[in-house]
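Counting convention: from 1, in listed order, for ligands and their atoms alike.
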Amino acid sequence: MQVIRTIKNMQTLSKALRSEKKTIGFVPTMGALHEGHLSLVRRSKNENDATVVSIFINPTQFGPKEDFKQYPKDEKGDLNKLSGLNVDAVFIPEADEMYHDGFNTTINIGHIGEILCGASRHGHFNGVATVVEKLFNIVMPDKTYFGQKDFQQTVVIKKLVKDLNFNIDIIVCPTVRETDWLAMSSRNSYLNNEERKAATILYKALKQGEALLGRGADDVSDVRRGMKALIKSEPLAEIEYIEVVEPRTLQGIEKIKKPVVICLAVKIGKTRLIDNLVVE
Ligand code: PAF
């Protein structure tokens, strides 16, 4: 497994792979890898001749009061996991390699990045779109793999690829969950024991929303009310949003017309968690 730290060396490898007519699968990450990331890597290994993983905690997608400085790091552990999966290359640039002095060009993804999580995380999705676009130009993949847990991110990336004519397939893979159904996330490591138990309320609320839809609720406000009451029964939980949206556009709906995605963001103590469920 090659560990590559410069853009030039990464581009040289990608060009060589492409000239040998090898397909490149790419899994962009911010490290602190868990089973969710590894499931994306396995899928890429199955579907491509070569798999590249990036590890880069992207400063431009964090707000000034967010957890950029505390974001978990475990380069050695990550490299062990990836070499165990026979990944071909890991791209691990420093921030000044990705954002040179005078860097000034950014992507503005528009409205889709300002709703749901974007309403409280101003500029977050522009930062994601900018770094993902840069990574696409550096790694030059044929297929890229993202987890459904970050549903809004997957819609943003699909829009970026369509709007800017990238010839890259975006593959969205199922959310990987712990045995008590909490969605795997690097940020789960922030939770203490009590908070970790409380965090199971997110998935319970999503299943409650799904059950309400299954029982024929056709008004989103009824679904939202039921989910809200359940989350409020957990003292450590504070709701940021609960929305039922159309999966392609993320537009909020009032009357249910399936498929829909139930999305939520909830703070457990100081940790902000997100999750979602697609209801067909
Ligand atoms: O999902 C993530 O880990 C990040 O948002 C990504 C896609 C690697 C961009 O920094």
Side-chain angles (χ1 to χ4, degrees), residues 4 7 10 24-41 43-44 51-63 66-75 77-78 81-82 87 89-99 103 106-109 112-113 116-118 120-139 141 143-161 164 166 168-176 183-190 250 263 265 271-276:
I4 299 177
I7 292 170
M10 187 63 241
I24 304 175
F26 176 44
V27 182
T29 81
M30 297 206 298
L33 302 181
H34 50 67
E35 206 33 58
H37 298 111
L38 302 186
S39 72
L40 306 179
V41 174
R43 175 100 183 250
S44 172
T51 290
V52 176
V53 176
S54 65
I55 297 178
F56 179 60
I57 306 177
N58 173 36
T60 67
Q61 69 188 74
F62 289 81
E66 293 184 353
D67 56 343
F68 175 61
K69 290 221 169 84
Q70 297 92 57
Y71 198 84
K73 285 189 194 73
D74 180 17
E75 185 177 308
D78 290 347
K81 288 175 190 158
L82 295 174
V87 162
V90 188
F91 177 52
I92 316 186
E94 291 292 337
D96 57 2
E97 176 72 4
M98 287 297 278
Y99 296 108
F103 176 89
T106 57
I107 301 287
N108 184 343
I109 201 76
I112 211 152
L116 302 174
C117 290
S120 64
R121 303 193 70 191
H122 303 289
H124 166 70
F125 289 107
N126 290 341
V128 169
T130 302
V131 81
V132 168
E133 199 223 11
K134 285 169 68 62
L135 289 167
F136 284 174
N137 286 327
I138 296 164
V139 176
K143 294 185 179 175
T144 316
Y145 298 82
F146 293 91
Q148 191 199 305
K149 200 211 94 202
D150 298 303
F151 194 88
Q152 185 172 10
Q153 172 167 277
T154 66
V155 176
V156 163
I157 305 295
K158 283 182 190 165
K159 182 159 173 51
L160 174 79
V161 163
L164 298 185
F166 280 101
I168 299 173
D169 289 342
I170 304 300
I171 319 277
V172 179
C173 303
T175 302
V176 177
M184 288 196 185
S185 161
S186 306
R187 289 190 168 99
N188 291 350
S189 65
Y190 298 153
L250 301 181
C263 305
T271 305
R272 182 180 181 280
L273 299 176
I274 57 171
D275 202 351
N276 65 80

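In Gln70, the CD atom is crowded: over 12 heavy atoms of neighbouring residues, nucleotides or ligands sit closer than 6.0 Å.
Nearest protein neighbour of atom 3 (O) of ligand 1, counting heavy atoms only, is Met30 CG, 3.5 Å. The protein heavy-atom contact nearest to atom 10 (O) of ligand 1 is Gln61 OE1, 2.6 Å.
Interatomic distance, Thr154 OG1 to Ile157 CD1, rounded to the nearest 0.5 Å: 8.5 Å. Within the model, atoms CG of Leu33 and NZ of Lys81 stand 6.0 Å from one another, a figure rounded to the nearest 0.5 Å. Note that OG1 of Thr29 and CZ of Phe146 are 11.0 Å apart. Values are rounded to the nearest 0.5 Å. Distance check: Asp78 CG to Ile92 CD1 gives 7.5 Å after rounding to the nearest 0.5 Å.
Each of the following atoms of ligand 1 lies closer than 4.0 Å to a heavy atom of Val131: 9 (C), 10 (O).
Contacts of Thr29 with ligand 1, taken as heavy-atom pairs under 4.0 Å, involve the backbone alone.
For ligand 1, the polar-atom distance check finds an N/O of Gln153 within less than 3.5 Å of one of the ligand's N/O atoms.
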